[in-house]
Amino acid sequence: MSTLAHTMMTAARSADSGLAGPGELDRYPYAETPAADRGAAAPVWEGAEPEMGRMSRRAAGSRGRGLHGQLVQQLGQMIVSGDLGADRPLVPEEIGQRFEVSRTVVRESLRVLEAKGLVSARPNVGTRVRPVSDWNLLDPDIIEWRAFGPQRDDQRRELSELRWTIEPLAARLAAGHGRDEVQQRLSDMVEIMGHALGQSDALTFSRADAEFHSLLIQVAGNRMLEHLSGIVSAALQVSGGPVTGCDRPTEASLTQHTRIVDALAAGDGATAEAAMRQLLTVHPEVERVVPAPREH
């Protein structure tokens, strides 16, 4: 096993145990939020679980969030889940009292949510929740919140359709932009996935898989596609269940990843694209979610 493979697998297990992992794995914090922190809020502050108000006494959690990050997470989840409906006013003083945080933390948190399109702040109107049509649905946090909320099925379908749209093209384009260091990195990811498969280590497999697909999009030579690489990583980490052929560690998935690497090394864009389409083939039990594209 290469040094990179050993490091990544060790770091993945450390992250799974709640310990901070080094290096690349720190870029994939899309682990499922514990059930105790998810969906506990009621539509009104007065009906919310008392524990949700004790943010200043709670540890940062597996994602290492401070008070500001925790409040963004809590409010974001409540908005996306529908517990805070569209046009609901958000009064900073009430939020501060409910979650026992300072006015500064509340103000900065609302600014983050405003940047994501979840809320709007206007003079003489205050801060209100915005409708879904205004949300930045490509924001990784919103992808995560939707994946664990009542919109999870729509989230899975939409993310899968997005991947079908961009990844086969990215694989074809990447074949014309091969660099030795990129080729080696992709090969390393396949090696990591192979070792993880042999050890039934689904966490390491999924993280190496996310790195593989993100890197492939980044080297396609298209800056607009490159902008979507983080979204693909988020999709792979929080898909909420098996949708495509690379969502589960299997020999078939590993084989298709290897085919892609070999095709890129040979500069064969057509084969790389075909292998990516095969890799993204849906499982029979979820065929209704993403139909396989026609072969031309």
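Side-chain atoms are counted along with the backbone in the values below, which use heavy atoms only and exclude waters and symmetry mates. The shown structure was predicted, so the numbers you read here are calculated from the model rather than taken from an experiment.
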Among Leu84, Leu75, Leu113, which one satisfies side chain to side chain contact (heavy atoms under 4.5 Å, CB included) with Val119?
Leu113
Taking only residues two or more places apart in sequence or in another chain, which ones pass side-chain contact (heavy atoms from CB on, under 4.5 Å) with Leu137?
Trp135, Ile142, Arg146
Run the side chain to side chain contact (heavy atoms under 4.5 Å, CB included) check on Glu114 and Leu110 step by step: do they pass?
CA-CA 6 Å; Glu114 184 175 17; Leu110 291 178; over 6 Å; no
Listed once per pair and sorted, the salt bridge (charged side-chain N to carboxylate O under 4.0 Å, His left out) pairs that draw on residues 250-262, sequence neighbours left out:
none
The reported gap from CZ in Phe212 to OG in Ser206 (rounded to nearest 0.5 angstrom) is 15.0 Å
Run the side chain to side chain donor-acceptor pair (under 3.5 Å) check on Asp188 and Gln184 step by step: do they pass?
CA-CA 6 Å; Asp188 288 341; Gln184 183 59 52; 2.9 Å; yes
Are the side chain of Thr281 and the backbone N or O of Gln278 linked by a donor-acceptor pair below 3.5 Å?
yes
Do the side chains of Ile143 and Leu138 get nearer than 4.5 Å, heavy atoms only?
no
Is it true that a side-chain atom of Ser214 and a backbone atom of Ala210 form a donor plus acceptor pair closer than 3.5 Å?
no
Listed by chain and number, what are the salt bridge (charged side-chain N to carboxylate O under 4.0 Å, His left out) partners of Asp154, not counting sequence neighbours?
Arg157
What distance separates Asp201 CG from His195 NE2, expressed to the nearest 0.5 Å?
12.0 Å
Backbone N/O of Glu161 and side chain of Thr165: donor-acceptor pair under 3.5 Å
yes
Just verifying a value: how many Å separate Gln218 CD and Glu211 CD, rounded to the nearest 0.5 Å?
7.5 Å
Any residue meeting side-chain contact (heavy atoms from CB on, under 4.5 Å) with Ala270, in chain and number order, not counting sequence neighbours
Arg172, Asp268
CD1/Ile217 to CD1/Ile166 distance, rounded to the nearest 0.5 angstrom?
4.0 Å
If the condition is side-chain contact (heavy atoms from CB on, under 4.5 Å), which residues does Leu169 pass it with, not counting sequence neighbours?
Leu173, Leu225
Indicate the atoms forming the closest heavy-atom contact of Leu264 with Ala171, along with that distance.
CD2-O, 3.5 Å
Between His227 and Arg223, is there a donor-acceptor pair closer than 3.5 Å when you use the side chain of the first and the backbone of the second?
no
Steps toward salt bridge (Lys or Arg N to Asp or Glu O under 4.0 Å) verdict (Glu273, Arg277)
CA-CA 6 Å; Glu273 179 180 3; Arg277 290 190 183 279; 3.3 Å; yes
Using modelled atom types and a 3.5 Å cut-off, is there a donor and acceptor pairing between side-chain atoms of Glu167 and backbone atoms of Met276?
no
Of all residues at least two apart in sequence or in a different chain, which pass the side-chain contact (heavy atoms from CB on, under 4.5 Å) check with Thr104?
Ser102, Arg107, Glu108
Are any of the side-chain nitrogens in Glu181 or Arg185 under 4.0 Å away from the carboxylate oxygens of its partner?
no
